[in-house]
Amino acid sequence: MPRYFFHFRVEASLFKDEEGEVLADASAALQHARRIAAELVHGGESTNAAIVVVEDGRQLFEVRLSECGD
C-alpha cells in the first residue's frame, strides 16, 4: 500500500510530515487529510492554512482549513 505525507502549510511556510501514513488509496488519503484539517480548525488553528497531501514526491491535493470551518 502507498505511503502518503500530510504536510502543513500556513502562508509561505511548509511543515513537512516526515513519517507519513500507509493508506489503501488516494481516496483514503483525502479523507484522512479532511479529518486532520477539521481537527486543526476545531483546535483553533488559523483557517489560512492547508494540509498538502503528497505521494512519491508528487502533490496530489490540498485541503484548505477554510473548507472545514463551522
Side-chain angles (χ1 to χ4, degrees):
M1 286 200 287
R3 181 173 296 272
Y4 298 90
F5 296 87
F6 299 88
H7 305 322
F8 179 68
R9 184 181 55 76
V10 59
E11 297 180 15
S13 299
L14 182 68
F15 302 91
K16 291 190 173 186
D17 170 10
E18 298 293 335
E19 295 181 26
E21 296 283 336
V22 175
L23 298 168
D25 56 25
S27 177
L30 178 58
Q31 291 175 1
H32 187 68
R34 288 179 175 155
R35 280 193 300 274
I36 293 169
E39 288 175 13
L40 289 170
V41 167
H42 287 98
E45 189 62 56
S46 169
T47 57
N48 291 331
I51 302 298
V52 179
V53 181
V54 174
E55 178 195 15
D56 286 333
R58 296 173 315 163
Q59 180 175 328
L60 299 181
F61 34 76
E62 179 175 296
V63 176
R64 297 174 189 248
L65 272 61
S66 61
E67 297 171 8
C68 299
D70 292 328

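The first residue of the sequence shown is numbered 1, and numbering continues consecutively from there.
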Would you give the length of the straight line joining atom CD of Glu55 to atom CG of Leu60, rounded to the nearest 0.5 angstrom? 5.5 Å

Quick one: does Gln59's side chain get under 4.5 Å of Phe61's, heavy atoms only? no

Could you check whether any side-chain heavy atom of Phe8 comes within less than 4.5 Å of a side-chain heavy atom of Val52, counting everything from C-beta outward? no

Pairwise distance CZ(Arg35) to CD(Glu39) - rounded to 0.5 angstrom: 8.0 Å

Whether over 12 other heavy atoms sit under 6.0 Å from Arg3 CZ: yes

Pick one: which of Val53, Val54, Asp56 meets side-chain contact (heavy atoms from CB on, under 4.5 Å) with Tyr4? Val53

Enumerate donor-acceptor pairs with a distance under 3.5 Å from any side-chain N or O in residues 19-26 to protein atoms, sequence neighbours excluded.
from	atom 1	to	atom 2	distance (Å)
Asp25	OD1	Ser27	N	3.2
Asp25	OD1	Ala28	N	2.9

Which residues satisfy the salt bridge (Lys or Arg N to Asp or Glu O under 4.0 Å) test with Arg64, sequence neighbours excluded? Glu62

Taking atom OG of Ser46 and atom CD of Glu11, what is their separation to the nearest 0.5 Å? 7.0 Å

Atom of Ala33, atom of Val63 and distance for their closest heavy-atom approach: CB-CG2, 3.8 Å

Val41 and Thr47: which non-hydrogen atoms are nearest, and at how many Å? CG2-CG2, 4.4 Å

Which residues share a side-chain contact (heavy atoms from CB on, under 4.5 Å) with Ile36, sequence neighbours left out: Phe6, His32, Leu40, Ile51

Side chain to side chain donor-acceptor pair (under 3.5 Å) filter on Glu45, not counting sequence neighbours, yields none

